[in-house]
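Order of listing sets the numbers, starting from 1, for every ligand and every atom in it. Sequential numbering from 1 along the given sequence is applied to the chain's residues.
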Amino acid sequence: MSFEKPEQFSELTANIARDNVLKFPKNFLWGAATSAYQVEGNNSNSDWWEWEKQGKADNESGIACDYWRLYKKDHDLLQELGASVFRSSIEWSRIEPEEGVFSAEAIRHYREIFEDLKKRNMKTQITLWWWTSPIWFQKKYGFHKHASVSIFCRYVKKITEELGNLIDIFTVFNEPMVPLGQGFLGGVFPPGYKNPLKFLRAVNNIAKIYKESYKIIHKIRPEAQVGITYLYNWYESEGFGFFIKLINKISQWFRIDLLGNKIKGSQDYIGVDYYRLGKIKFDWKNIRMDSRNQTYLGFTIEEDKDNPMKWITYPKGIYSVLKEASAKFKLPIYITENGRPTEAGLEDENRVKFIKDHLFFVHKAISEGVEIRGYNVWSLMDNLEWLYGYKPKFGLIEVDYKTLERKPRKSFYEYAKICKSNGLEIDE
Ligand code: BGC
């Protein structure tokens, strides 16, 4: 299918070889991502399950995509996609449903899942904490308590001993600043606090846990790659000149540097999750705190009404982010998530364009020397979008939540061509 060049194309063509296929580096990892809670179903020992039961999210997850039972079907599709990596996670509340009690059955099941991926010659990029904790942990402790450090590290050690030989790339935490902000300041994620002091304690503990986990994993599996992902969107300031620029800088520091600075020297790579342009503006009529709608005492983010998540699509932003992250951290980068939601799944054409436009700029960054080792679409399949339930559809594959049938969308086949050819075809 023909691919329209991104709007910002012309100003950048100068450095790109005049060839209509943009080739990616040898051994570049192509993949798609999901997370345990969002696809597995029936995670009833998880704090998010309780949160849903209390009516604090738009849908209860229920059986979700039933990946827990149907994983082989999804792996068949991953293989058909031509994926060389699969990014997913382990649900802590399945592994340790009661304090200090590890479930041999859950460990065995994850082993089967990872072995199945390995049999298909795929690399595994596995996250150990993707926003959900066991209910007992949240009730008795929480990341703001110092005890969380030894408790979480015990889980990390167990996973590395039991499953570490099947994990190529460890991601200890997925975008930790998101659930920390939403759970300790915004009050809209568990544990539901609006408490700056608890927030700061939790950030410090997460940093301690991360650094300790880095050592634990490397001690057991010296060859593993260990890191975290950052929600790394591109922010640009508008209006009120210096003041808005300052707010922008502070928000950037909050999202990336606050934790990033604390864990410097303990990361083998940087995981970049990029979705959109953030345009901060000030609105006198909105002087309130509403973190679900991203409104912080009058500061809000401009919205695109045509996007189910209201996110502004901005492909060039991924290029700016990649350049900035590589200069800041001086580490190899995995693009661990990039994707676009559609509402009924009908505007899948937009997803195709989104992926290709972004890959154009990823290639541009690579051609200028940024070490990018892989790219994952969010998401392999439609799944539970946290507070917003099942409405936003991010999948290359449509999931019928009644029959659990999987139907690859056109974007699946378009992305498959890219994965299999290790290249992006463009029209001159
Ligand atoms: C998260 C996913 C989420 C996606 C879309 C990412 O920031 O890691 O869990 O579904 O964004 O909102």
Student: Can you label the angle between the Phe354 ring and the His358 ring as parallel, tilted or perpendicular, going by 30° and 60°?
Tutor: parallel

Student: Check Tyr37 against ligand 1 and report side chain, backbone, both or neither, counting heavy atoms closer than 4.0 Å.
Tutor: neither

Student: So do the side chains of Leu359 and Phe24 get within less than 4.5 Å of each other, counting heavy atoms only?
Tutor: yes

Student: Is there a side-chain contact between Ile126 and Thr171 in this structure, where contact means two heavy atoms from C-beta onward sitting under 4.5 Å apart?
Tutor: no

Student: For Trp130, is at least one N or O under 3.5 Å away from an N or O on ligand 1?
Tutor: yes

Student: In terms of residue, atom name and distance, what is the protein heavy atom nearest to atom 12 (O) of ligand 1?
Tutor: Glu385 OE2, 2.5 Å

Student: For the residue pair Ser266 and Tyr210, confirm or rule out a side-chain donor-acceptor distance under 3.5 Å.
Tutor: no

Student: For ligand 1, which atoms, with element, lie under 4.0 Å from some heavy atom of Glu175?
Tutor: 1 (C), 6 (C), 7 (O), 8 (O)

Student: Evaluating non-hydrogen atoms only, which member of Trp131, Tyr275, Tyr388 is closest to atom 11 (O) of ligand 1?
Tutor: Tyr275

Student: For Trp378, does the six-membered ring have the charged nitrogen or CZ of Arg87 within the cation-pi criterion, i.e. under 6.0 angstrom from the centroid and within 45° of the normal?
Tutor: no

Student: Measure Thr229 to ligand 1 on non-hydrogen atoms and call it side chain, backbone, both or neither using the 4.0 Å cut-off.
Tutor: neither

Student: For ligand 1, which atoms have a heavy atom of Glu337 less than 4.0 angstrom away?
Tutor: 1 (C), 2 (C), 4 (C), 6 (C), 7 (O), 8 (O), 11 (O)

